[in-house]
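Everything numeric here is computed off the predicted structure, so don't read it as measured data. To find a chain, count down the sequence lines: A is the first, B the second, and so on, and within it residues start at 1.
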There are 2 protein chains.
Amino acid sequence: MAEELGERAQHLLKVLEESYIRSGQPVGSRALARDSGLDVSAATVRNAMADLEELGMVKSPHTSAGRIPTNKGYRMFVDSLLTITPLNEREIMTMRGQFSGEGSKQELATSVSSYLSGITAMAGMVMIPRTAKRSSLRHIEFMPLSDNRILAILVINEKEVQNTVIRVDRHYTAAELQQSANYLNSELAGRELLDVRHRILKELRETKVGMEQMMQQAITMAEQVFDQPSSSSNSDDFVMSGQTCLMGFEELSNIEKLRGLFEAFNEKQQILQLLDRCIDGDGVQIFIGEESGYGVLNECSMVTSGYQVDGEVLGILGVIGPTRMAYERVIPIVDVTAKLVSAALAQSK
Amino acid sequence: MAEELGERAQHLLKVLEESYIRSGQPVGSRALARDSGLDVSAATVRNAMADLEELGMVKSPHTSAGRIPTNKGYRMFVDSLLTITPLNEREIMTMRGQFSGEGSKQELATSVSSYLSGITAMAGMVMIPRTAKRSSLRHIEFMPLSDNRILAILVINEKEVQNTVIRVDRHYTAAELQQSANYLNSELAGRELLDVRHRILKELRETKVGMEQMMQQAITMAEQVFDQPSSSSNSDDFVMSGQTCLMGFEELSNIEKLRGLFEAFNEKQQILQLLDRCIDGDGVQIFIGEESGYGVLNECSMVTSGYQVDGEVLGILGVIGPTRMAYERVIPIVDVTAKLVSAALAQSK
DNA sequence: TATTAGCACTCGCAATCTTAGAGTGCTAAA
DNA sequence: TTTAGCACTCTAAGATTGCGAGTGCTAATA
């Protein structure tokens, strides 16, 4: 196993990647020898390149072009070669002004996503998990609709509101519903959602027999409300902005590839699964090309980071762009953004 | 003004358009003479073509290619030449099954939009007007949040729910808010939204002085609620599906053009303005190319129709695709879809 | 032993040229 | 008014060429 790379080879690989990321052109031995700062000839570089190629770090598009990095090469680059210059104070200050704790999660996510897109000139994305596990039910309210339907309104935490329509067996008056809601509020308000769910489906149901009829009705309704994976919160938890930026990149000028990519964005599901995977990781994470297992992400990389409140990762944000992106700039941006969002959320709590 | 077109010239134009729409290739005089069904020679056709060109109905991409329709040519085609074969019973039946009155407007719009996209292999769109003018306020409810904020919940018609957060000068208890809500409900519930707005801003405000303090508070809150153009209903009223289908068309293979188009889709505002213009028109309306005034829509056409309930146009739906589309198929599809959606809405009322 | 210079060779790209085919416009005849 | 004939134009697709960049290999060098 010749996984060991000499110091010089590493340096050359690094310079090669930097050069390729800058210019987009395959890098030849002469240019590399010149740019490397090392006092070696092109021929020497060629030998090193042959080694790197054997290790799968670089490849040439054809016999007589220079070398370009492979995905494996990028991986090595971001993992151990890249030198990142942290953002300076001033830049951070400018960013800090962007995110306030105001508005709903939705609004925050949208603004963060489009900010990321704007500053990196790539596509930005922010994921909002269904409903944070630790959020608590504040209030529940019923309202009669026509046709034996009832509108249930849940207030969660301080600002989130979920509406669900449920069906019941007969018409209920507003007063009846008020009673049921009162009962449920007295039992459930202030508890965490997981707990609420649990209580309804287990404890209350079991003790249902023998209770007042009103309470029985209330519980039956609550079962419906908490059982269905409330549609609104389930689908709207992923925001993406600036996809069109990706149309500007050379490597995505193939329209078929672009189409696959955009279709994947529309699916949402796929991307969400992918993002879900980073939720455990710490700090900035990077997916390079099809490492993720999705062929459509072929020439793309994702740079992501989780944002958190009270140590719990609430969601993921990041950008997606061509594999050939300026990592040394993008990584700190995503990093700082995640921290600022965390801060904004903590403050608004 | 030589706006008059001989019968034969019209026929030739029609055949030319049909042929071009089918094949995408410029149509030459020989082929046209053959396909026209007329017993004339290519030379005769050439003369007619020269006339048509002078009228701006067709043009040739270069000296020795055939002719292709101009926007003006398409306009004439769809306005007076096109023969539309209505969908047969069976097709309509298949479609009828697609749309139910179930679910929220949002859900219906999404499903209709993606249905349109699927069946036409172009992009589908459905606009939902802010909130129908004639919809009425059913119920209003306040709930205290932290930091002197209050969550206002409006129930409109039977299913629509709007949430708004307002700020107030001090903390109010749930009981106080309940009182205020009761008062407002007694005054306003059941009225149409426009009326509600009017009442609050004019009548009640004027008589405010001298009322109980509780009522004054209630009115102040209501002012806030109905004054801001509630964000949720304002932005989410336009659904588009299958944009990626547009990537498959020859005439949109230019990536810059495509980008402009997709950016316009993201803006929403522009498209909405455009759609707003059709709201008065009757039946199916067609925009060809940049007739609309938006350069990005250069090689595209929109086929739209309003859907209505009780004679009032509630919204617009339609498709957007290349100018060179199969109008004779798309037009009846959009037409029938609009009628079916109207029916579904009427039924679910 | 590691590095270097030299050299033949490969390949892609762009420019140039060629050819075939399609279609036109014009003119003169029917 | 229509038609046939003909010269002309233009494009798209191949074929050919030269250039430049870059490689791999070998033999000489430190």
Would you kindly say whether B/Ser117 and B/Ser114 are connected by a side-chain donor-acceptor distance under 3.5 Å?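 Short answer, no.
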Decide whether B/Thr244 and A/Arg259 meet the rule of one side-chain donor and one side-chain acceptor closer than 3.5 Å.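 Note: B/Thr244 and A/Arg259 side chains miss the donor-acceptor criterion.
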Does a side-chain N or O of B/Ser29 approach OP1 or OP2 of C/dT24 to a distance below 4.0 Å, or not?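 Yes, because at least one side-chain N or O of B/Ser29 sits under 4.0 Å from OP1 or OP2 of C/dT24.
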When you check the gap from the basic side-chain N to the acidic O, do [X] and [Y] get nearer than 4.0 Å?
{"X": "A/Glu18", "Y": "A/Arg22", "value": "no"}
{"X": "B/Arg324", "Y": "B/Glu251", "value": "yes"}
{"X": "A/Lys59", "Y": "A/Glu53", "value": "no"}

Separation of atom [atom1] in [X] from atom [atom2] in [N], rounded to whole Å:
{"X": "A/Met49", "N": "D/dG22", "atom1": "CE", "atom2": "P", "value": "9 Å"}
{"X": "B/Leu38", "N": "D/dT2", "atom1": "CG", "atom2": "P", "value": "11 Å"}
{"X": "A/Asp51", "N": "D/dC25", "atom1": "CG", "atom2": "C1'", "value": "15 Å"}
{"X": "A/Glu53", "N": "D/dT23", "atom1": "CD", "atom2": "P", "value": "9 Å"}
{"X": "B/Leu32", "N": "C/dA22", "atom1": "CG", "atom2": "P", "value": "16 Å"}
{"X": "A/His62", "N": "D/dG22", "atom1": "NE2", "atom2": "P", "value": "10 Å"}

Sequence-aligned protein contact record of nucleotides 2-8 of chain C, with B where the base is within under 4.0 Å of a protein heavy atom and S where only the sugar-phosphate is: -SBBB--
Could you please name the option among D/dG24, D/dT11, D/dG20 that lies closest to any side-chain atom of A/Arg67?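 Selected nucleotide: D/dG24.
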I want to verify a distance call: between D/dC10, C/dT24, C/dC11, whose nearest atom is closest to the B/Ser64 side chain?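 That would be D/dC10.
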Which atom names give the shortest non-hydrogen contact between A/Arg8 and A/Leu38, and what distance separates them?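 Of all heavy-atom pairs spanning A/Arg8 and A/Leu38, the closest is CG-CD1, 3.4 Å.
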